[in-house]
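Notes follow once the structure below has been shown.
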Amino acid sequence: MTRHPGLVHSARLADFHTTLPPLLDAAGLLSALDDDQTVLIKPNLVEALPPPITTPVDLIAELIHYLHQRLPKLRILIGEGTGSLDYDTVHVFDTLGYSGLARQTGVKLINLNSEPLTRHQRTDCHRWPEMHLPSLLDQVFLLSVPVLKAHSLAGVTLTMKNMMGCAPPSHYQQGGNWGKSGFHLDIQAAISDLNRYRTPDFTLLDASIGMAEAHLWGRHCQPPVGRLAAAFDPVAIDAYGCELLGRSWQHIGHIEKNHGILGQATPLNLVEVAS
């Protein structure tokens with residue numbers, strides 16, 4: 001189980017520059033990092049669509065600034081693998097401002113769809129008894145930055161579902177018109193198993209607005225949720241995200257399946273951070 005099970009830090013959002021540093025300080029992110037480590041920031045850039053469907057580049061810019069200020073030797077990567085079959089991840093980076101951010105900061109962009117892969121096996125995973133995932137994931141501290149969204153198939157898409165961006169289309173397209181379409185069959189077990197192989201080491205959840213109905217369309221949360229949250233525990237922060245969306249985590253299979261294994265959905269220890 002992850003460190004600090006059940007613990008989530010949350011802050012009312014003023015703006016990213018003001019709210020992010022005290023939140024990450026309180027959540028203890030720096031305690032898990034060494035100056036010579038490599039951090040892979042994993043936003044949700046499922047398609048070349050603007051926030052709140054995708055992670056705002058301004059939030060990632062503030063996160064990079066925070067890390068560079070406190071750990072100047074830290075190596076930082078931004079990695080994603082789009083699900084679109086109409087364009088590649090580089091197009092998404094270009095469209096959503098990530099290529100410009102990389103030029104400004106010196107951070108390297110990684111297309112996770114085309115990285116070298118490692119084959120893994122687990123006897124406790126019945127949907128994916130074998131998985132092929134980027135070898136890079138075994139070498140980095142994985143910092144997931146999802147957005148708060150409902151999902152038309154999975155119920156919600158938060159930090160555990162954000163890991164689907166790591167799954168290579170070469171193995172997980174499996175028909176259909178989407179690069180990760182193999183996950184659509186028994187999607188709750190598919191997401192659950194994926195996270196048994198690799199789950200985020202830390203999550204920063206952008207709940208500044210929120211998608212109330214689905215992940216690519218529909219109403220925004222009204223009023224906007226107006227929060228950022230952070231946790232080491234992927235199960236706890238996903239349960240908290242469900243709460244923000246007015247949904248029960250017990251009805252979201254990939255959260256329920258990993259409660260008590262990858263983290264703790266209840267009791268939830270929610271700490272309010274002043275920004």
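All heavy atoms count here, side chains included; hydrogens, waters and symmetry mates do not.
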Any luck finding a side-chain donor-acceptor pair between Asn195 and Lys257 under 3.5 Å? no

Side-chain touch Thr82/Tyr87, heavy atoms, less than 4.5 angstrom: yes

Salt bridge Glu213-Lys149, side-chain N to carboxylate O under 4.0 Å: no

Return the set of residues passing salt bridge (Lys or Arg N to Asp or Glu O under 4.0 Å) with Asp25 (not counting sequence neighbours), or none when no residue passes. Arg70

Is the ring pair Trp128/Tyr172 parallel, tilted or perpendicular, if the boundaries are 30 and 60 degrees? perpendicular

Quick one: do Thr266 and Trp249 satisfy side-chain contact (heavy atoms from CB on, under 4.5 Å)? Show the steps, please. CA-CA 10 Å; Thr266 186; Trp249 67 264; 3.7 Å; yes

Is any side-chain heavy atom of Ser99 closer than 4.5 Å to a side-chain heavy atom of Leu109? yes

Please examine the side chains of Leu205 and Asp238, heavy atoms only from C-beta on, and report whether any two atoms are closer than 4.5 Å. no

Quick one: list whatever passes side chain to side chain contact (heavy atoms under 4.5 Å, CB included) with Gln222, sequence neighbours left out. His220, Pro224

Going by atom types alone, do Thr55 and Asp206 pair a side-chain donor with an acceptor below 3.5 Å? no

Other hydrophobic cluster members with Leu7, side-chain heavy atoms of Ile/Leu/Val/Met/Phe/Trp/Tyr under 4.5 Å, chained? Val271

Before giving the answer on side-chain contact (heavy atoms from CB on, under 4.5 Å), spell out for Ile209 and Cys221 the whole-Å C-alpha distance, their side-chain angles and the decisive distance to 0.1 Å. CA-CA 6 Å; Ile209 300 175; Cys221 292; 5.6 Å; no

Please determine whether the number of non-hydrogen atoms from other residues, nucleotides or ligands lying under 6.0 Å from atom NE2 of His17 exceeds 12. no

Just to verify, what does Arg75 make a salt bridge (Lys or Arg N to Asp or Glu O under 4.0 Å) with, not counting sequence neighbours? none

All heavy atoms of Pro129 vs all of His126, minimum pair found to be CD-O, 3.6 Å

Which donor-acceptor pairs under 3.5 Å do the side chains of residues 100-108 make with protein atoms, sequence neighbours left out?
unit_1, atom_1, unit_2, atom_2, d
Thr105, OG1, Leu101, O, 2.8
Thr105, OG1, Val107, N, 3.3

Quick one: side chain to side chain donor-acceptor pair (under 3.5 Å) pairs with a partner in residues 138-148, sequence neighbours left out? Ser144-Thr159, Ser144-Asn162

Compare all side-chain heavy atoms of Leu158 with those of Ile237 and state whether any distance is below 4.5 angstrom. no

Quick check: do Val46 and Trp178 have side-chain heavy atoms less than 4.5 Å from each other? yes

Report the C-alpha distance between Leu133 and Leu117 in whole Å, list the side-chain angles of each, state the deciding distance to 0.1 Å, and finish with yes or no for side-chain contact (heavy atoms from CB on, under 4.5 Å). CA-CA 5 Å; Leu133 291 172; Leu117 304 175; 5.7 Å; no

Is atom CG of Asp34 surrounded by more than 12 heavy atoms (other residues, nucleotides or ligands) closer than 6.0 Å? yes

Shortest non-hydrogen contact between Asp201 and Phe232, atoms and distance: O-CD2, 3.3 Å

Any idea how Phe93 and Tyr98 line up, ring-wise: parallel (<30°), tilted (30 to 60°), or perpendicular (>60°)? tilted

